[in-house]
Amino acid sequence: MLKKIVAITGASSGMGLETAKLMAANNWIVYGGARHIEKIPTASNLHPVKLDVTDTSSNQNFINTIIAEQGHIDVLINSAGYGELGPVEDISMATARQQFETNFFGAAELTKLALPHMRKQHSGRIVNISSVGGDIYSPLGAYYHASKAALQQWSDILDLEVQRFNIRSVIVQPSGTRSTWGPIARQRILQNTNGDSTYTDLVNLMTTTLADNARGMSATTTDLAQVIIAAATDKHPHRRYFNTFHDRLTVFVARALPNLFRRQIQRSITQPKQ
Ligand SMILES: NC(=O)c1ccc[n+]([C@@H]2O[C@H](COP(=O)([O-])OP(=O)(O)OC[C@H]3O[C@@H](n4cnc5c(N)ncnc54)[C@H](OP(=O)(O)O)[C@@H]3O)[C@@H](O)[C@H]2O)c1
């Protein structure tokens with residue numbers, strides 16, 4: 001039987017790496033892409049490819065390599081991403097654009113490159129790793145949350161366009177998961193805040209909150225890899241995948257009761273936990 005081929009971005013760390021290892025162990029032929037290719041393990045059916053999703057020629061090379069070596073591509077998992085956090089007034093527009101280049105346009109370009117092959121084979125699945133933050137929000141996350149909200153709308157529209165070719169585009173919405181995402185986001189906040197910033201109180205609050213959340217996090221990248229694999233393989237996929245019922249409920253409440261959600265966030269800023 002023809003082995004199934006999956007392309008995974010962000011395969012050098014976190015949930016992308018875990019998904020790559022798990023799918024390779026389950027007999028998939030895995031192409032893992034990331035800039036730090038040395039962090040992607042090599043195995044007979046796990047192929048690391050150097051990839052910067054913000055670079056068109058790198059994206060073309062990623063998909064072309066898979067097609068040249070395997071002739072088809074069954075699943076594309078867009079996991080590459082990071083949190084470019086910081087106050088809207090302080091963060092530079094170049095930095096804000098870079099967030100969209102990685103979290104949104106990277107996924108969009110790779111999908112565009114994979115689609116003609118998926119259409120030709122009359123099957124395919126695009127799994128986009130968003131966040132509960134595609135629906136909920138907190139201070140200093142304007143560009144991160146906007147990039148994930150954009151990814152979700154884009155995925156839903158893409159899904160409408162390609163379902164007739166037996167291709168589906170779905171979204172996974174993790175919440176806080178133990179990985180390098182948190183430390184990178186904290187670092188970005190500090191880097192993106194001006195020395196004389198008016199927002200130092202919020203910066204202190206959010207960096208402390210991120211550190212506290214990281215200590216209390218129970219979701220692991222293995223948990224998320226399992227959710228991602230379900231999204232990649234379910235015969236009749238859902239539009240949205242969550243790791244826990246609590247994640248699903250949080251998104252539901254934020255959507256259904258926006259004023260209540262807003263008041264809760266506001267309270268967490270004005271009356272932070274001691
Ligand atoms: N962890 C969480 O709490 C959490 C919660 C909700 C959503 N998410 C989302 O889940 C996805 C995976 O996050 P994670 O937790 O696995 O984070 P992670 O451990 O920091 O991994 C991020 C991955 O993205 C890759 N990446 C970043 N920029 C890239 C670029 N320009 N080109 C190619 N690869 C790039 C990194 O590889 P290189 O640096 O080697 O290129 C790395 O492999 C992200 O989209 C994130 O926003 C995470």
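Everything numeric here is computed off the predicted structure, so don't read it as measured data. Remember, it's 1-based here, ligands and their atoms both numbered in the order they're listed.
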What pairs of donor and acceptor atoms, side-chain ones from residues 24-34 against any protein atom, are under 3.5 angstrom apart with sequence neighbours left out?
{"unit_1": "Asn26", "atom_1": "ND2", "unit_2": "Leu22", "atom_2": "O", "d": "2.9"}
{"unit_1": "Asn27", "atom_1": "OD1", "unit_2": "Lys3", "atom_2": "NZ", "d": "3.4"}
{"unit_1": "Tyr31", "atom_1": "OH", "unit_2": "Glu69", "atom_2": "OE1", "d": "2.6"}
{"unit_1": "Tyr31", "atom_1": "OH", "unit_2": "Gln70", "atom_2": "NE2", "d": "2.9"}

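- Numbered from 1 in the order shown, with element, the atoms of ligand 1 that lie under 4.0 Å from a heavy atom of Gly176 read 3 (O).
- Around atom 22 (C) of ligand 1, the closest heavy atom drawn from Gly81, Gly134, Ser179 belongs to Gly81.
- Both Leu51 and Leu115 are part of a single hydrophobic cluster, where members link through side-chain heavy atoms under 4.5 Å apart.
- Of all atoms in ligand 1, listed by their number and element, those nearer than 4.0 Å to a heavy atom of Ser12 are 36 (C), 37 (O), 38 (P), 40 (O), 42 (C), 43 (O).
- Near Ile129, with a cut-off below 4.0 Å to any heavy atom, the atoms of ligand 1 are 10 (O), 11 (C), 45 (O).
- Close approach of ligand 1 to Ser175 (heavy-atom distance below 4.0 Å) involves ligand atoms 3 (O), 5 (C).
- Every atom of ligand 1 is numbered from 1 in the order shown, and the set under 4.0 Å from a heavy atom of Gly14 is 16 (O), 19 (O).
- Annotation for ligand 1: atoms under 4.0 Å from non-hydrogen atoms of Asp52 are 30 (C), 31 (N), 32 (N).
- The environment of Lys4 atom NZ is sparse: at most 12 non-hydrogen atoms of other residues, nucleotides or ligands sit within 6.0 angstrom.
- Of the listed residues (Gly33, Gly106, Gly10), the one carrying the non-hydrogen atom nearest atom 23 (C) of ligand 1 is Gly10.
- Under the 3.5 Å distance criterion, with hydrogens and angles disregarded, no donor-acceptor pair is assigned to the side chains of Asn59 and Thr56.
- Contact atoms of ligand 1 toward Ser130: 7 (C), 8 (N), 9 (C) (distance under 4.0 Å to a heavy atom of the residue).
- Using a 4.0 Å cut-off between heavy atoms, Ala219 makes no contact with ligand 1 at all.
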